[in-house]
Amino acid sequence: MKVSLVMRAVGIGAVATVALAGCGSDNNSKGGNGGNGGTGSTPAAGCASGSLTAEGSTFQQAIEQQWAAKFANQCSGAQVTYTGDGSSTGIASFGQGKVDFAGSDVTMIPTEQSAANTACGSTALTVPVTAGGVAIIYNLKNVSNLKLSADTIAGIFDGSIKTWNDQRIKQENAGVTLPPTSIHPYWRNDGSGSTKVLTSFLNALAPTEWKLGADKQIAFPVGTGAAGSSGVVAGVKQTDGGITYAEVSYAKQNNLPTAQVKGTGSYEGISSQTVSDAIGSGFSISDTGNSLGGSLDFKKMTGYPISTVSYVLVCSHYKSASTGKLVKAYLDYALTTGQQQADSLGFAPLPSDLATKSKASVDTIS
Amino acid sequence: MSVVSAGVDATPLRDARASRRGDAIFRALTLGAGLLVFVLLAAIAAFLIYKALPAFRHDKSSFWTTKAWFPETTGHFGIAALLFGTVLTSLLALVMAVPVALGVAIYIAEYAPRRLATWLGYLTDLLAAVPSVVYGLWGLWFLLHHLVGLQVFLNHWLGWVPLFGGSHGDVSTFSKSVFGASVILAIMILPIVAAISREVLRQVDPAQKEAALALGATRWEMVRTAVLPPSRPGIISAVMLGLGRALGETIAVALVIGSIDATSWKILPTSGNTIAANIANQFGEAGTVGRSALIASGLVLFVLTLGVNLVARYVIYRSGTAERSAL
């Protein structure tokens, strides 16, 4: 879940340009694509002007920058700059009061929460804003419809399954001719939320096979490490028999197939719908009050089971009223119109009841 | 210096005093510049040590012998595999690059027609101007793919050499390996070694060369007896500069190496990691302990390159005095 520096530079540049060019022609506050085309210059309801800085999760970066651009288009004078440099960096900066909000794939631990509360001068809230799945991407000559269960994926990444025509893969893929090609797993050698999601899934659903734990970084005993989603997918693209895990957008860009994955339910392909379903069935809020941090129960997921939610960390009350107003307006946009943009970027919209809760929480920001 | 003294002779006393003041200022400026280098070096060393200390306190296993890098998750990390990979890739790169670079330099300096020599010189210099990330991407998307045939060949005919060992299945596919990284590094240091050696060879006194030819030496004998010996210190420093670049090269290696933290001599299958590549790959998502650990590895690299440079200085000094005493 990491984008190259070049991509970041391009993204930030694009945000800045759009913000400058923003002229408030799209006035409707809901629906987003209804075009009543610039009949007046009155700002839409829920607009605020000013600029915000945010940083954190690289996973969120693409959608945050998209939201920022569209939001600036809709509300002239509003500029949001999001830098994707890792959830831990985002949490640290937010706790030091360096940024107005942070993106994070994980909830804060108690010490981080208290640092954030101090920086805010009020309770810091954790609010889900988007969801995403981790696709199992592979490259196998003449095969494009693989089905894999949690146990099989665990066997592939821990090295107990070595060739594609292994009995365990065959059993799940009746009718598919599997070649004796050896399996070349590619894994992230940098700390990554993708690794954490995949291994948490394996830990929960393949407990007898998977003994390597669940974390941002894992000592995989087989295969090759590479940095960033682009790195692992580059490896798979060039290796017949290669397999890896990354955001689905990387599979699309490289014309590589993704596997259907079985958790406790049936085999599911990855799509914004199946990821939303998984979050709807597997996510439960554990925070209290307006904070909505929670946990995933992979065993309860019915859709595509290697899925996760991503949060923003905000202050419940900002020291500057105008900053609070802008954060609220921006996240309102992100949680309503913004959710519809998730699919095209390889994200999934939040399930509607969770989106409603998130919006209610955001509406209390002052 | 002769210019200065001539000026003093020719000008009145007032100007002489002014030029003496100029001398003092210039002296102070150069002294300042010289001292600044020391201060910078000391500041870098102090920073590295200060930032690295917390990592040593957190390390749950021996820093020098552990072949894994998990400072954040399990707390076990060590430099063994990284140091091994750094030295191995750099030495292999030298083995591949130096003979070719010397060939290029000797050809340009002694054999090539003048116009061709100029162009060849430009081209090798141009090779040095390519950014390392470009080498890395080219390696990842083109070169590694095309090395597979060579890997199979080496494995088949020279598989009994530990370096070229490995199962056929492992070496016959695309692999991010020590071998691939060494080839990229060799290409990257080639222009540096070639360009400096070329300049060094050009400095050789033409009278010596003519003397060798006059004594009936062939072209090759002339190069061997009159050109190479006096150039040796310069060539050694060229090689050491190349080694320095190879040891510290970051992004190109990070893109083409397998990120396997093990000390295996088999360079053809997926293998290897280096200190610099590990820093590049890990820094983005590293937390407090992770950063400190990476800086500790940076400290090791710093000391290693410093050591290489000192040894190079010593070798140059020794061979320099040997040359002088031989003359």
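Just so we're on the same page: letters track the sequence lines, and every chain starts at 1.
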Note to self: Can you list everything that forms a side chain to side chain contact (heavy atoms under 4.5 Å, CB included) with B:Arg245? Sequence neighbours excluded, please.
What the structure shows: B:Ser132, B:Met188, B:Ile189, B:Ile192, B:Glu249
Checklist line | Per-residue contact mode, B:Leu144 against chain A (heavy atom under 4.5 angstrom) | finding: neither
Check: A:Tyr138 vs A:Trp164 aromatic rings, parallel, tilted or perpendicular, using cut-offs 30° and 60°?
Finding: tilted
Item checked: Which portion of B:Leu140 sits near chain A, non-hydrogen atoms under 4.5 angstrom -> both
Check: Among A:Trp210, A:Trp187, A:Tyr245, which one satisfies ring-ring contact (aromatic ring centres under 6.0 Å, His included) with A:Phe157?
Finding: A:Tyr245
Next item on the list: Among A:Val248, A:Ile306, A:Ile156, A:Thr258, find the one that has a side-chain contact (heavy atoms from CB on, under 4.5 Å) with A:Ile136.
Entry: A:Ile306
Checklist line | Spacing of CH2 belonging to B:Trp138 relative to CD1 belonging to B:Ile184, to within rounding of 0.5 Å | finding: 5.5 Å
Next item on the list: Examine whether an atom of B:Trp69 lies under 4.5 Å from a heavy atom of chain A, and if so say whether it belongs to the side chain, the backbone or both; otherwise answer neither.
Entry: backbone
Margin query: Looking at chain B, which one of A:Asp215, A:Ile218, A:Asn189 has the largest number of heavy-atom pairs inside 4.5 Å, strictly under?
Written below: A:Asn189
Notebook entry, point to check: A:Tyr186 versus chain B, heavy atoms under 4.5 Å apart: side chain, backbone, both or neither?
Noted result: side chain
